[in-house]
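Okay, structure first, notes after.
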There are 2 protein chains.
Amino acid sequence: MNKTIAKGAATALPLNTILDGDCIERMASMPSNSIDMIFADPPYNLQLKGQLHRPDNSMVDAVDDEWDQFSSFGVYDHFTRAWLKEARRILKPNGALWVIGSYHNIFRVGSALQDEGFWILNDVVWRKSNPMPNFRGKRYTNAHETMIWASKSEGAKYTFNYEALKSLNEGIQMRSDWVMPICTGHERLKDANGDKAHPTQKPEALLHRILVGSTNPGDVVLDPFFGTGTTGAVAKMLGREYIGIEREESYRKVAEARIKGVRKFDREALQVSASKRAEPRVPFGQLVERGMLRPGEELYSMNRRHKAKVRADGTLIGDNIKGSIHQVGAHLENAPSCNGWTYWCFKKDGKTVPIDVLRQQIRAEMQN
Amino acid sequence: MNKTIAKGAATALPLNTILDGDCIERMASMPSNSIDMIFADPPYNLQLKGQLHRPDNSMVDAVDDEWDQFSSFGVYDHFTRAWLKEARRILKPNGALWVIGSYHNIFRVGSALQDEGFWILNDVVWRKSNPMPNFRGKRYTNAHETMIWASKSEGAKYTFNYEALKSLNEGIQMRSDWVMPICTGHERLKDANGDKAHPTQKPEALLHRILVGSTNPGDVVLDPFFGTGTTGAVAKMLGREYIGIEREESYRKVAEARIKGVRKFDREALQVSASKRAEPRVPFGQLVERGMLRPGEELYSMNRRHKAKVRADGTLIGDNIKGSIHQVGAHLENAPSCNGWTYWCFKKDGKTVPIDVLRQQIRAEMQN
DNA sequence: CGGAAAATTGAATCCTTTT
DNA sequence: GAAAAGGATTCAATTTTCC
C-alpha cells in the first residue's frame, strides 16, 4: 500500500521541467521522500558595499542583484533554514544534498543544515584555475568555493560511485579538492545584449562530477535555485531526470532554450565502472560442489606461511581452527578480518593461483 | 590617556610564556585591545564512533582524546562562542583572528564568529599534498582543512603583507588555497616512547605563511590552544612575541623544550627560495567533465588501426576491452604499456588531433 | 656502507547482508 | 532488532629492515 502511494506520488513529479516561483513554496507542494538528489546554489548574501574598480578604473560587474540582498544574518538564516527544511523533507531517505557557497554564506548554510538533521559526508573545495584576482591587493585571491555533501540523516545510505570517480581521476581515489576553471567562453551564456545571462553560472564540469559521483541514470535531481540551468543541462546529458525551480523569468527562458539543445549521451557511454560490491555473492561452497576444488585439497596463504584443507561443506580446516575461508584466514593472521578470496591460493599445474580466479569464472558463467 | 593605558596593559602581558589552564579563563584575565593576532586551532569535535582499519588490517590511530569530546552541537557552540567572545575582546581594534578546522566544526565556528562581530576577510584552504586516504572507499579523500581569517569588526584595518606573500609565491598574488604537506618526519614531535607527542600537530610552514602575511616583527601573537607550540616556535623564528595557553601539562612541557631550541632567523634567512613545480598531472576524466570530449565520442589510434568510445567516467570502451586510455591502448597493441595521451586522437573539423593537445590546453589554464 | 624492499603512518564523523 | 558473518578497501612520504 505504502509502495503504491509512494509510486503515485513519484510519478506525479514534474520531471524535466522548470517551475516558476519561490523554491520554498514550490518544494512545499512536492511529496515527501521523492527526490534522489538536490543540488543547491543559493544566494551568497554577498553584502558588497559600493562598487569595485579594477586598477585600470574599469568597473567590476559584481553580484548586486536584488535576489542576493539580505538585510542581516538573521534574515538570511531564516531563509536558509526554511528551504533546507523543505529540501530535507522531499528527499528520499537515502537521498543526498549538495550545496555550494563562499565564505559569505557557507558557514551559515553548513550550520543550518547540521541543525536540520543533515549529516555532512564531505566538504569539497572547488579550486578555480582562473579566479578573478584581488585587484586592490588587500586580501588573498578568492580562488575557491566550498561545497557541502550531506546525507538526509546520520547512518543513512547514500549513492557514491567510488570506482567511477576513481576512473575520472586516473585510477587514484578522488579527493575533496577539485581543480576546475570558472565558466567562460562558449559555455558562458549571454543575453541579447551580449552580457552574461547570469552572474554566477556554474561550470558544467562541476555538475558532471557531482552527478556521476552521487547519482545513477534515471535518478531525479532537483535544483531549487536553477538559474540558467547548468544542473538540468548536465542531468539531461547524463540520463538523469531534473526538476528546476527559478523565480526570474529571464533565467528560466535562457535555461529552457539551453536544455532543449542538449543531447543525451548514448547508453553505452553512460555506463560507469562498477564496484566489486555490486557483483553477485558466490559462496565458497559452490567451488567444492562444482568440483573446482576437491574436499581434502590443500590451500596455501598468499604469504606461503599457512595452509589449510578444504572440507566437503565448504569450510576449511587448519591447525586448531575450523571455519570459513575468511574466519580461518583472520585467525591465522591474527587479524580482525580477512578476505579469504584473495588470501587463499591453490595449486594448478605446479603454479599457485588465487581462489578468486575460480569465483570470477563462476561469475562470468552467471552473466550468460 | 587611552594610549598610555593600552601601552601599560600591553607591557603587562606575559610575553613568550605558556600559560597553564583553560583558555577562556586565561583570556578573561587579559586586558582588552592588547593582542595583534590570534591563531586558534580548537578541538574539531570529530564525533568518531568505532575503530577504523586500513586495508592491510593495521589500525588507524584516531583522535579520541578527552579534549575533543562534546556531547552535542549545543555544547560545542556554547564553548565556541565563549572563547571567541574573549578572543575578540582582547584583540586590538586592528587585530585579526585565524581559526582552523574541518567540516565537523568549521561551519559552527564560522557562524559563531560572524555572530560575535568578527568580519571574515577570507577563508583559506590548506590542501594537503599527502592526506590520509579514505580506506573504505565510501567518501572523498579528506584532503583539506579550512582556515578563516577575520578582522575584529567590519571596516577595521588589518595587517596584510601583500608583497611579502607575493614573493613567497613566485611573484604571483597569493591565493586562498595553499598546498602543503602534513606534519611528519623530523618536524613531528615525539614523546619518550617514540609516539607522536600531539595527535594534531600543525606544520610550521602553515604558521610561517600566516605570520608573514598577517603580522609584523614585534607583534604579539596569542594561541589559546597551544598544543605543542607550533605557533610559538614559528613566532620566535620570525621575531614575533607569542603567548600560549594550554591545559595539558604534557603538551606544555614539549612546547617549552621545543621553543627553547628555536633560533630567531636573521634577515637573510627569511628570504625563501622558490621551488619549481613539476608539470601537474591531468586526469583524462577532466577532458570529459569539461566537455572537451563527449561521452560516446570515438577516439582513433595513431596508426588508425583501432578505435574506442569515451565513457562518462573517463574510461574507454573498445572491442572486448574497457579501461583507462593507457590500458585500452596497451591491450589493443598487445604491449606491456602505452601512453594513451599520445596514442589516441579525436576528430576535429575533419582533422585527426592527438588528445594530448587538450591536456596541454588544461595545463596552460592552470598556469594562470 | 649503499641501495632496495618492506613497514609505518596521518584531525576519519569510512560496510553490508544474513541469521 | 541484535549479532554474526562475508568480504571490500589506500596514497604519499618517511623510516626501518634486509641483502
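Reminder, nothing fancy here: chain letters follow the sequence lines and each chain counts from 1. Keep in mind that this is a model prediction, so the values were computed, not measured.
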What protein N or O atoms touch nucleotides 2-9 of chain C N or O atoms at under 3.5 angstrom, if any, and at what distances?
none

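- With DNA chain D read from its 5' end, the first of the two nearest nucleotides for B:His186 and A:Thr342 is the one closest to A:Thr342.
- Here the separation of C:dA11 from D:dT15, taken at their C1' atoms, is 22 Å to the nearest Å.
- Within 6.0 Å of the CZ atom in A:Arg294, the count of heavy atoms belonging to other residues, nucleotides or ligands does not exceed 12.
- Heavy atoms of B:Asp41 sit under 4.0 angstrom from at least one base atom.
- Between C:dC14 and D:dA12, the distance separating the two P atoms is 23 Å to the nearest Å.
- Side-chain contact annotation: A:His144 with A:Asp177, donor-acceptor N/O pair under 3.5 Å absent.
- At a threshold of 4.0 angstrom between heavy atoms, the contacts of B:His53 with the nucleic acid are absent.
- Heavy-atom distances under 4.0 Å link DNA chain C to no residue of residues 221-233 of chain B.
- Annotation: D:dT10 and C:dT9 have their C1' atoms spaced 12 Å apart (nearest Å).
- A syn orientation is assigned to C:dT13, its glycosidic angle lying within 90° of 0.
- At a non-hydrogen distance threshold of 4.0 Å, nothing from residues 163-171 of chain A comes into contact with DNA chain C.
- Among the heavy atoms of the strands lying under 4.0 Å from B:Pro131 is at least one base atom, whether or not backbone atoms are also near.
- Rounded to whole Å, the separation between the P atoms of D:dA5 and C:dA12 comes to 31 Å.
- A cation-pi arrangement, defined by a distance under 6.0 Å to the six-membered ring centre and an angle within 45 degrees of its axis, is present between A:Arg209 and A:Trp178.
- Here the C1' atom of nucleotide C:dG10 and the NZ atom of B:Lys190 are 11 Å apart, to the nearest Å.
- Using bins of under 30°, 30° to 60° and over 60° for the plane-to-plane angle, the ring pair B:Tyr251/B:His198 lands in the tilted bin.
- With both ends at atom C1', the span from D:dG7 to C:dG10 equals 26 Å, rounded to whole Å.
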Protein heavy-atom contacts under 4.0 Å, written 5' to 3' over nucleotides 12-18 of chain C as B (base), S (sugar-phosphate only) or - (none), form the string BBBBSS-
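- Of the N and O atoms on the side chains of A:Tyr103 and B:Trp149, not one donor lies less than 3.5 Å from an acceptor on the other residue.
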Chi angles and distances behind the side-chain hydrogen bond (donor to acceptor under 3.5 Å, both in side chains) call for B:Ser324, B:His326:
CA-CA 5 Å; B:Ser324 71; B:His326 316 296; 5.2 Å; no
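- Chain A approaches DNA chain D within less than 4.0 angstrom (heavy atoms of the protein), and the contacting nucleotides run 5' to 3' from D:dA5 to D:dC11.
- Rounding to the nearest 0.5 Å places CZ of A:Phe118 at 10.5 Å from CD1 of A:Ile148.
- No hydrogens or angles considered: a donor-acceptor pair under 3.5 Å links the side chains of B:Thr230 and B:Arg258.
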Here DNA chain C, pairs taken as Watson-Crick or G-U under 3.5 Å and shown with ( ), [ ] when crossing and | when to another strand, reads .|||||||||....|||||
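- Side-chain contact annotation: A:Lys166 with A:Asn161, donor-acceptor N/O pair under 3.5 Å absent.
- Of the residues listed (A:Arg88, A:Lys152, A:Lys85), the one engaging A:Glu116 in a salt bridge (Lys or Arg N to Asp or Glu O under 4.0 Å) is A:Lys85, and it is the only one.
- Between the side chains of A:Gln360 and A:Asp356, at least one donor N or O sits under 3.5 Å from an acceptor N or O.
- Judged by distance alone, with hydrogens and angles left aside, the side-chain atoms of A:Ser176 form a donor-acceptor pair with the main-chain N or O of B:Thr141 at under 3.5 Å.
- The 5' end of DNA chain D is approached more closely, in terms of each residue's nearest nucleotide, by A:Ser324 than by the other of A:Arg175 and A:Ser324.
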